[in-house]
Amino acid sequence: MTTSTTQPSTIKSEPPVKYRHDYHPPDYTITDIDLDFTLDAEKTTVTAVSKIKRQIKENAPLILNGENLVLLSVCVDGQPWKKAYQQNNHLILENLPTNFTLTIVNEIHPATNTALEGLYLSNNVLCTQCEAEGFRHITFYLDRPDVLARFTTRITADKARYPYLLSNGNCIEKGDCTVKKGQPDGRHWVKWQDPFPKPCYLFALVAGDFDLLRDHFITRSGRKVSLELFVDRGNLNRAEWAMTSLKSAMKWDETRFGLEYDLDIYMIVAVDCFNSGAMENKGLNIFNAKYVLANAETATDKDYLDIEAVIAHEYFHNWTGNRVTCRDWFQLSLKEGLTVFRDQEFSSDFGSRAVNRIKNVRLMRSAQFAEDASPMAHPIRPDKVMEMRNFYTLTVYEKGSEVIRMIHALLGEEKFQAGMKLYFDRHDGCAVTCDDFVQAMSDASKIDLTLFRRWYSQSGTPLLTIRDSYDAEKQQYHLMVSQKTLPSREQAEKLPLHIPLDIELYDDSGNVIALKMNGVAQGSVLNVTKAEQRFTFDQVNCQPIPSLLREFSAPVRLDYPYSDQQLTFLMRHARNAFSRWDAAQSLLAIYIKQNVDHAQPEAPLSLPPQVIDAFQTALLDKDLALAAEIVTLPTENEMAEFFTIIDPHAIRRVYYGLTRCLAKELAEQWQTLYHSNKITVYSATHGDMAKRALSNICLKYLAFGDNIDVADQTVSTAYYQANNMTDALAALASSVAAQLPCRDELLAHFEQRWQQDGLVMGKWFTLQATSPADDVLDRVKNLLKHPSFSLNNPNRTRSLIGSFTASNPAAFHALDGSGYQFLVERLSILNSKNPQLASRLIEPLIRFKRYDPERQKLMRNALQQLKTLTNLSSDMYEKIEKALDLFPNRSE
């Protein structure tokens, strides 16, 4: 028996690479498991009694995963099993019967588990995180998603310290523990039973003292489901929105997808220390408190919308992830891409479809496209991994959802829903693959998706190049479309993909021209399936203006030589709201590129009168939320994606130069709209959110006005008069962005008011970390000592360190290398403390190939420093090796 610490597992040699094509079913399966926890933060005893069945004829050894466990005993059918030994984080048992009961007793130490995997301590709450491979930190088990067992869980703990003991399924028994003569001993116990077989990554346990919000939901079949939402003491007044969002999601899933909840109770627990956003454990979702707690005083409109989306996302996993789960972790997008698509549709049905689409596309074009161009580029279904936790990426989630959206576009809503129904009919209660999902869609719709499957196996962002010509004599309009995806280290040859290209044609008056090919009316979606293709449209009586890639119908880059006149035309006349925004972005991109390439450091930037006029017209749009999006400049990270080689300082000059230009040219409009859209009473309705969005983007431009004293007074007044967090934070952010004289006073006031609220202080840390001030790094370093900051809290770490490195590119990429060295120092600590978090924070550092040679050298040196760390975690090792082109080039 080996005693391990509860620190994260680390490497002393190269970790093994796992390949998707090496998958084979488990030699053994577990049908039922009874877990018994005697809980204590310092030392918890776990007894696991499993019913196991051998699935092959040969008497192979049973190899169980287990990390950081103290093994106490192993019994088979009630007898001590001497043919068991531990080796390399595994428990191996030999010469086993075909069917048997395995009893394992081990100890774990939650209080010292800083990696936040398995069972750990979040403030005073004991909770679990088992996805992807965290259950092996609780007990020895077949920790893989294709082993589905029925779980029964008994929890015993101190009643005063842990009055609530929660696990998956339905509560079937509970009581107080007694000593001799029936006297209570201060402990109590609860027994939970989940009737649905599930993989161990969906296991959950929570023990703590909470405020509880109760409600219920009546399903469409008339069943009453109890809803319970647990939050830290004192936060009950911030839980109502999450409950409302949950009930909305449950109703929507019944209405749109015909899916009904299946247990008697649905629970959500908010904890402060969590490596991700939330986890969909069956019947017991554990959430980062950031995605639960909200009221007008402490949460912004964005917080409200994020909570609504994440609550829905985890609930939707009950079917797309839990009832039908992944066969192996290479299939992660099976559940995540599909569920992101579902939560995006939910948000669009409940709010502004156009604005939701814009926000999704902003994320794709900036962060996901950057990921596609990085050393960690991978298909939505990877072929090989070293550390699975590194593949919880925007590619798997966001690009995965775009792949589902393309299937929806190709099939239409009716056939897509038929495909979903067939998928559940075939695979309910099973662990399946992405191919199984696509096959169900194809079978239900009778549409061949063979070529489309390449989206699952090919990495990178395709470039869609479109050129056109018009034959006035024949009244024919021709579109020449070509597609190309750049080769990558692991895929030298990229094949043509099936790309749905959504288009619309307009005449000079803004009327839509009907699409006809060979005299036959066509839908708006063209099927691009070859490297080069030509589409000819008949009966086109004038040179049309094309609206291309409407709704971002495929996750591609578009190359079409739009003129300023065409783009301003589309901003005014495109029927599709997304297309109007997209035209504005394309128009800005022209001048961003020009100015980054040619602007002098001190020269003021300007825009042509027709461009200013187009943005002035956009402000008159009746859709206020859309107007706010159109006049919001791309972020510096979004601008960076316009360039092959990134110059962060030139991009910053252009960003602030264009901001000041628009502030000056439309000063009267900003002033008028700012005041006309102010709201005195806060309401979390989408109409009011739209007004606040427009009012606050106007305030930002007013902060950049020519008269600094007027701007300072306007922003300061807006801050002190704000009666909600959305407006207060917008004013504070404007003061920081424009570096107004009032900023330090406002920052100090905000800190004094909210220093006891960690979530709110996270917003304050982010503002400080993303400041354009020359001394921003010194400020960030000083904030590491702030009482509200803790490196042990992922939220605080992301809000300060992550915001600086990922969202303040000019400061992070300082030419003296100070930003890189700062990150190296923090990652050196987090490597052993929380490798998951460290691995996510390292991303900006591994993307050095898109910078100039001087920065490349500094970034490579920083990575070499990290590579020499003692016991470098496998999470970090994989990314560093790939970035340095040292990732093993093994034969596939």
Side-chain angles (χ1 to χ4, degrees), residues 294-306 619 624-625 627-629 631-633 635 655-656 659-660 662-664 666-684 688-755 757 759-773 776 779 783 799 803 807-808:
N295 60 26
E297 200 176 20
T298 62
T300 64
D301 289 341
K302 182 180 184 302
D303 293 328
Y304 273 86
L305 295 176
D306 287 348
L619 285 169
L624 301 183
E629 290 291 340
V631 299
T632 298
L633 289 175
T635 65
Y655 175 83
Y656 283 101
T659 300
R660 294 188 186 281
L662 287 171
K664 178 180 179 180
L666 298 175
E668 291 184 11
Q669 286 79 8
W670 304 132
Q671 186 75 23
T672 300
L673 289 171
Y674 169 64
H675 289 291
S676 64
N677 286 286
K678 290 191 73 172
I679 303 172
T680 56
V681 178
Y682 184 87
S683 173
D688 282 3
M689 288 182 181
K691 287 186 175 183
R692 280 190 292 274
L694 184 55
S695 178
N696 286 324
I697 189 62
C698 290
L699 179 64
K700 180 175 180 179
Y701 282 113
L702 290 173
F704 283 88
D706 286 342
N707 190 322
I708 194 169
D709 292 331
V710 172
D712 192 69
Q713 183 61 46
T714 299
V715 171
S716 181
T717 300
Y719 174 81
Y720 286 114
Q721 289 183 350
N723 63 358
N724 61 81
M725 180 57 70
T726 304
D727 290 341
L729 196 68
L732 185 60
S734 295
S735 76
V736 173
Q739 292 291 281
L740 296 176
C742 66
R743 69 186 184 277
D744 288 335
E745 175 193 325
L746 301 188
L747 285 166
H749 180 274
F750 192 95
E751 176 191 17
Q752 181 64 32
R753 183 176 182 186
W754 296 111
Q755 58 187 319
D757 191 311
L759 284 180
V760 178
M761 285 300 291
K763 306 175 194 300
W764 185 78
F765 285 131
T766 295
L767 282 182
Q768 304 254 44
T770 54
S771 167
V776 60
R779 287 177 178 247
L783 288 172
S799 65
S803 294
S807 300
N808 198 340

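Values in this document were obtained by computation on a predicted structure and should not be read as measured data.
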Peer 1: Between Ser695 and Lys691 (side chain of the first, backbone of the second, donor and acceptor by atom type, cut-off under 3.5 Å), is there such a pair?
Peer 2: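 Answer holds: no.
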Peer 1: Are more than 12 heavy atoms, taken from residues, nucleotides or ligands other than Lys664, located less than 6.0 Å from that residue's NZ atom?
Peer 2: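 Result for NZ/Lys664: open.
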Peer 1: Between Thr635 and Tyr655, is a side-chain contact (heavy atoms from CB on, under 4.5 Å) present by the stated rule, with each step listed?
Peer 2: CA-CA 8 Å; Thr635 65; Tyr655 175 83; 5.6 Å; no
Peer 1: Between the side chain of Ser716 and the main-chain N/O of Asp712, is any donor-acceptor distance below 3.5 Å?
Peer 2: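 Between the backbone of Asp712 and the side chain of Ser716 there is no qualifying donor-acceptor contact (under 3.5 Å).
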Peer 1: Any idea which heavy atoms bring Asn808 and Ala769 closest together, and the distance?
Peer 2: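 Closest approach of Asn808 to Ala769: ND2-O, 2.9 Å.
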Peer 1: Can you check whether Ala718's main-chain N or O pairs, donor with acceptor, with Gln721's side chain at less than 3.5 Å?
Peer 2: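 No; zero donor-acceptor contacts below 3.5 Å.
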Peer 1: Side chain to side chain donor-acceptor pair (under 3.5 Å), that's the test. Do His675 and Gln671 meet it? Break it down for me.
Peer 2: CA-CA 7 Å; His675 289 291; Gln671 186 75 23; 3.0 Å; yes
Peer 1: Kindly give the heavy-atom pair with the smallest separation between Leu740 and Ala703, and that separation in Å.
Peer 2: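 Looking at all heavy atoms of both residues, the shortest contact is CD2-O, 3.6 Å.
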Peer 1: Measure the spacing between CG of Leu729 and CG of Asn696 and express it to the nearest 0.5 Å.
Peer 2: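 With rounding to 0.5 Å, CG (Leu729) is 9.5 Å from CG (Asn696).
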Peer 1: Which class fits the ring pair Phe750 and Tyr719: parallel under 30°, tilted 30 to 60°, perpendicular over 60°?
Peer 2: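 Phe750 vs Tyr719 ring planes: tilted.
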Peer 1: Heavy atoms only: give me the nearest Ser735-Cys742 pair and the separation to one decimal.
Peer 2: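 Residues Ser735 and Cys742, closest heavy atoms: CB-SG, 3.9 Å.
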Peer 1: Answer yes or no: is there a side-chain heavy-atom contact under 4.5 Å between Gln739 and Tyr656?
Peer 2: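 Gln739 vs Tyr656: side chains apart.
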Peer 1: Is any side-chain heavy atom of Val681 closer than 4.5 Å to one of Asn723?
Peer 2: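 Side chain of Asn723 against side chain of Val681, heavy atoms only: no contact under 4.5 Å found.
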Peer 1: To the nearest 0.5 Å, what is the distance between CG on Leu702 and OG on Ser734?
Peer 2: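 Between atom CG of Leu702 and atom OG of Ser734 there are 8.5 Å.
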Peer 1: Once the angle between the rings of Trp670 and Tyr701 is folded into 0 to 90°, is it parallel (under 30°), tilted (30 to 60°) or perpendicular (over 60°)?
Peer 2: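 It falls in the parallel class, under 30°.
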Peer 1: Using modelled atom types and a 3.5 Å cut-off, is there a donor and acceptor pairing between side-chain atoms of Ser771 and backbone atoms of Gln768?
Peer 2: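 Checking the backbone N and O of Gln768 against the side chain of Ser771, no donor-acceptor pair under 3.5 Å is found.
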Peer 1: Could you give the distance from CD (Glu629) to CG (Leu694), rounded to the nearest 0.5 Å?
Peer 2: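 One finds 11.0 Å between CD of Glu629 and CG of Leu694.
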Peer 1: To the nearest 0.5 Å, tell me how far Phe765 CZ sits from Ser799 OG.
Peer 2: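 If I round to the nearest 0.5 Å, the distance is 6.0 Å.
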Peer 1: Return the minimal non-hydrogen interatomic distance between Ala737 and Lys700, and the atom names on each side.
Peer 2: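 Where Ala737 meets Lys700 most closely, the heavy atoms are CB-CE, 4.5 Å.
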Peer 1: Could you state the interatomic distance from CG (Leu662) to CD1 (Ile697), rounded to the nearest 0.5 Å?
Peer 2: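 Taking CG in Leu662 and CD1 in Ile697, the distance rounds to 9.5 Å.
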Peer 1: Measure the spacing between CG of Leu673 and CD of Glu668 and express it to the nearest 0.5 Å.
Peer 2: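 Interatomic distance, Leu673 CG to Glu668 CD, rounded to 0.5 Å: 11.5 Å.
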Peer 1: Do you know the tightest heavy-atom contact between Arg692 and Ser683?
Peer 2: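 Answer, listing the atom of Arg692 first, then Ser683: NH2-O, 2.8 Å.
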Peer 1: For a side chain to side chain donor-acceptor pair (under 3.5 Å) with Tyr682, tell me which candidate from Asp301, Asp727, Asp688, Asn724 qualifies.
Peer 2: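 For Tyr682, the side chain to side chain donor-acceptor pair (under 3.5 Å) test succeeds with only one of Asp301, Asp727, Asp688, Asn724, which is Asp301.
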Peer 1: Considering the options Thr300, Asp303, Asp757, Thr298, which one meets the side chain to side chain donor-acceptor pair (under 3.5 Å) requirement together with Lys763?
Peer 2: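 Passing option: Asp303.
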Peer 1: Kindly give the heavy-atom pair with the smallest separation between Leu747 and Trp764, and that separation in Å.
Peer 2: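 Looks like O-NE1, 3.0 Å.
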